[in-house]
Amino acid sequence: MGKLIYGFNVSVDGYIADAQGNIDWSDPSEELHQYWNDFERETALALYGRRLYDLMSAYWPTADQDPDASPIILDFAQIWCNMPKVVFSNTLESVDWNSRLERGDPVEVVTRLKAETDGQMEVAGATLAAPIVQAGLVDEYRIVLAPTAVGGGIPFFPTLPSWIALRLLENRTFPCGTVLLRYEAKRD
């Protein structure tokens with residue numbers, strides 16, 4: 001059975017994007033980018049919502065053509081293009097870069113995919129993650145707190161039907177002041 005992880009760079013006030021949808025404030029240091037590269041390298045299947053897939057697919061497939069791209073960027077571009085992805089969308093006609101399109105209910109599809117997948121799975125995008133988090137399907141949360149408050153926007157956590165009890169697995173501070181908090185969902 002797959003282990004589903006939901007992780008994101010998050011402002012200290014709990015947002016993955018500001019009120020205008022901007023994420024520039026979360027620009028990772030090289031060490032943090034390497035952390036995410038290593039995380040993605042271990043991901044057996046990534047689940048994307050349409051907006052985040054559009055954002056990622058607009059850059060990563062051609063990032064290796066930038067002569068100024070760092071080795072970390074080149075590494076992530078290769079990882080992202082090769083990583084198996086399921087993209088949830090009712091509006092996209094097709095997807096590329098080792099992706100397949102899914103139009104079904106995210107909770108039903110993710111429940112099935114967890115049963116069918118061996119290894120680490122990732123849910124990417126707060127809108128897609130919301131019903132999956134609310135249904136209790138996330139096994140681990142990776143909250144990477146950026147030393148910035150944005151004052152509003154797209155929250156990391158959706159409105160919850162009840163508390164989610166968490167157990168700390170790891171905390172790590174990066175030189176740029178960003179803090180990783182890894183939690184597993186407690187299931188008694």
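Residue numbers count from 1 along this sequence. Not measured: the values here are computed from a predicted model.
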Hey, does [Y] have a side-chain heavy atom less than 4.5 Å from the side chain of [X]?
X      : Y      : result
Gln120 : Lys3   : no
Tyr183 : Leu168 : yes
Leu52  : Phe8   : yes
Tyr59  : Ile73  : yes
Asp13  : Val150 : yes

How long is the span from the [atom1] atom in [X] to the [atom2] atom in [Y], to the nearest 0.5 Å?
X      : Y      : atom1 : atom2 : value
Thr178 : Leu145 : OG1   : CG    : 8.5 Å
Leu181 : Leu166 : CG    : CG    : 10.5 Å
Arg142 : Glu170 : CZ    : CD    : 7.0 Å
Leu47  : Lys85  : CG    : NZ    : 11.5 Å
Tyr141 : Leu4   : OH    : CG    : 8.5 Å
Lys186 : Ile164 : NZ    : CD1   : 13.0 Å

Does [X] belong to the same Ile/Leu/Val/Met/Phe/Trp/Tyr cluster as [Y], with side-chain heavy atoms less than 4.5 Å apart forming each link?
X      : Y      : answer
Trp60  : Val95  : yes
Phe157 : Val10  : yes
Val144 : Tyr15  : no
Val138 : Val109 : yes
Tyr35  : Val123 : no

Quick check: closest heavy atoms across [X] and [Y], and the distance to 0.1 Å?
X      : Y      : result
Pro155 : Gly153 : CD-O, 3.4 Å
Arg103 : Ser89  : NH1-O, 2.8 Å
Asp18  : Trp25  : N-NE1, 3.8 Å
Leu32  : Asn9   : CD2-OD1, 4.2 Å
Leu128 : Tyr48  : CD2-C, 3.4 Å
Leu137 : Val110 : CD1-CG1, 4.0 Å

Pairs where residues 110-123 contributes a residue and the test salt bridge (charged side-chain N to carboxylate O under 4.0 Å, His left out) is met, not counting sequence neighbours: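 Residue pairs passing salt bridge (charged side-chain N to carboxylate O under 4.0 Å, His left out), neighbours aside: Glu102-Arg112, Arg112-Glu116, Lys114-Asp139.
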
- prompt: Can you name the salt bridge (Lys or Arg N to Asp or Glu O under 4.0 Å) partners of Glu40, sequence neighbours left out?
  reply: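 With sequence neighbours excluded, Glu40 shows a salt bridge (Lys or Arg N to Asp or Glu O under 4.0 Å) to no residue whatsoever.
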
message: Counting only heavy atoms from other residues, nucleotides and ligands, does the tally under 6.0 Å from CD of Glu30 exceed 12?
response: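 No.
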
message: Quick check on Arg51: does its CZ atom have over 12 non-hydrogen neighbours (other residues, nucleotides or ligands) under 6.0 Å away?
response: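 Incorrect, the count does not exceed 12.
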
Tell me whether [X] contacts the main-chain N or O of [Y] through its side chain, where contact means a donor paired with an acceptor under 3.5 Å.
X      : Y      : result
Gln134 : Thr159 : yes
Tyr6   : Phe156 : yes
Thr62  : Gln65  : no
Asn82  : Gln78  : yes

message: Taking Arg41 first and then Asp38, would you say they form a salt bridge - that is, a charged N and a carboxylate O separated by under 4.0 Å?
response: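 Yes.
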
query: So Ile16 and Ile23, side-chain contact (heavy atoms from CB on, under 4.5 Å) or not? Walk me through it.
result: CA-CA 7 Å; Ile16 60 133; Ile23 61 171; 5.9 Å; no

task: Hey, could you give me each pair passing ring-ring contact (aromatic ring centres under 6.0 Å, His included) that has a residue in residues 83-111? Not counting sequence neighbours.
output: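 Listed once each, the pairs would be none.
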
